[in-house]
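Keep in mind it's a predicted model, so treat the numbers as computed, not measured.
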Amino acid sequence: MKRRVMVRFGDGNEHVLEVEDAARSAAGPDEARAWLVEQFAEAGCVPSNPMGKVLTADLLLGVAAAAGPERLVADPAWSLRYAVAALQLRSADAVVVDVAAYAVR
């Protein structure tokens, strides 16, 4: 079964990332979070919480915004890893990361 992550950047700029179950199970939630934290830090992202606590939504939105639509298209291996991380951390069959609206559903 395929799972989906949709990343929306606004103005109709949407990217659907599909993940097979085998790829999704290759990384657990702890590994997925660690990878996103690393990407978040490397991109110089800032938590939305003034106390500095980094929420899962902050990780997903910050990393997607920093990568931009260009990286999602140009780097399929990175995009797959991002999608796997999103699915692992949200424990869902489908995740929408709406960068323009700063929302994760």
Side-chain angles (χ1 to χ4, degrees):
M1 182 171 165
K2 287 186 181 181
R3 317 285 185 193
R4 291 178 182 216
V5 175
M6 179 181 286
V7 184
R8 295 180 177 157
F9 292 98
D11 295 332
N13 193 345
E14 300 179 351
H15 299 273
V16 177
L17 309 171
E18 294 188 341
V19 178
E20 297 286 345
D21 281 342
R24 182 176 181 225
S25 62
D30 292 338
E31 183 182 340
R33 184 170 182 82
W35 182 80
L36 278 172
V37 167
E38 179 183 299
Q39 297 299 305
F40 191 84
E42 283 180 13
C45 298
V46 179
S48 64
N49 184 325
M51 300 303 285
K53 182 175 181 177
V54 181
L55 306 173
T56 299
D58 289 331
L59 293 172
L60 293 171
L61 290 161
V63 170
E70 299 81 12
R71 186 162 192 187
L72 290 179
V73 172
D75 193 344
W78 186 93
S79 297
L80 176 61
R81 190 135 188 216
Y82 175 82
V84 167
L87 291 165
Q88 284 290 4
L89 293 181
R90 296 299 290 192
S91 298
D93 293 339
V95 176
V96 177
V97 179
D98 193 333
V99 176
Y102 203 79
V104 178
R105 310 184 274 292

Where is the tightest heavy-atom contact between Arg24 and Gln88, given as atom of each residue plus distance? O-NE2, 2.6 Å

Could you tell me which non-hydrogen atom of Leu87 sits nearest to which non-hydrogen atom of Ala92, and how far apart they are? CD2-O, 3.3 Å

Residues Tyr82 and Asp75: side-chain donor-acceptor under 3.5 angstrom: no

Flag the pair Arg8 / Val97 as yes when at least one side-chain heavy-atom distance between them is below 4.5 Å, and no otherwise. no

I'd like to know whether Leu61 forms a side-chain contact (heavy atoms from CB on, under 4.5 Å) with Val104, so could you lay out the CA-CA distance, the side-chain angles of the two residues, the decisive distance to 0.1 Å, and finally the verdict. CA-CA 8 Å; Leu61 290 161; Val104 178; 3.7 Å; yes

Could you report the tightest heavy-atom contact between Phe40 and Asp58, atom names first, then the distance? CE1-O, 3.3 Å

If you compare all heavy atoms of Leu17 against all heavy atoms of Ser79, which two are closest, and at what distance to 0.1 Å? CD1-O, 3.7 Å

Taking Val37 as the starting point, is it possible to reach Leu60 by hopping between hydrophobic residues whose side chains are less than 4.5 Å apart? yes

Please name the pair of heavy atoms, one in Arg3 and one in Asp21, separated by the smallest distance, quoted to 0.1 Å. NE-OD1, 3.0 Å

Do Glu38 and Leu36 have side chains that approach each other closer than 4.5 Å (heavy atoms only, starting at C-beta)? no

With side-chain contact (heavy atoms from CB on, under 4.5 Å) as the test, would you mind laying out the steps for Leu59 and Trp35 before giving the verdict? CA-CA 10 Å; Leu59 293 172; Trp35 182 80; over 6 Å; no

Report yes if some heavy atom in the side chain of Asp98 is under 4.5 Å from a heavy atom in the side chain of Arg105; otherwise report no. yes

Look at the side chain of Asp11 and the backbone N and O of Asn13, then say whether any donor-acceptor pair between them is shorter than 3.5 Å. no

Give the cluster check for Val7 versus Leu80: same hydrophobic cluster or not, with ILVMFWY residues linked at side-chain heavy-atom distances below 4.5 Å. yes

With heavy-atom distances below 4.5 Å as the criterion, would you say the side chains of Pro69 and His15 are in contact? yes

Are Val84 and Val16 connected in the hydrophobic side-chain network, where two residues link if heavy atoms are under 4.5 Å apart? no

For Glu14 and Met6, indicate whether the former's side chain and the latter's backbone hold a donor-acceptor pair under 3.5 Å. no

Arg33 to Val54 - nearest heavy-atom pair and separation: NH2-O, 2.9 Å

Go through the steps for Val63 and Trp78 under the test side-chain contact (heavy atoms from CB on, under 4.5 Å), then give the verdict. CA-CA 11 Å; Val63 170; Trp78 186 93; 3.6 Å; yes

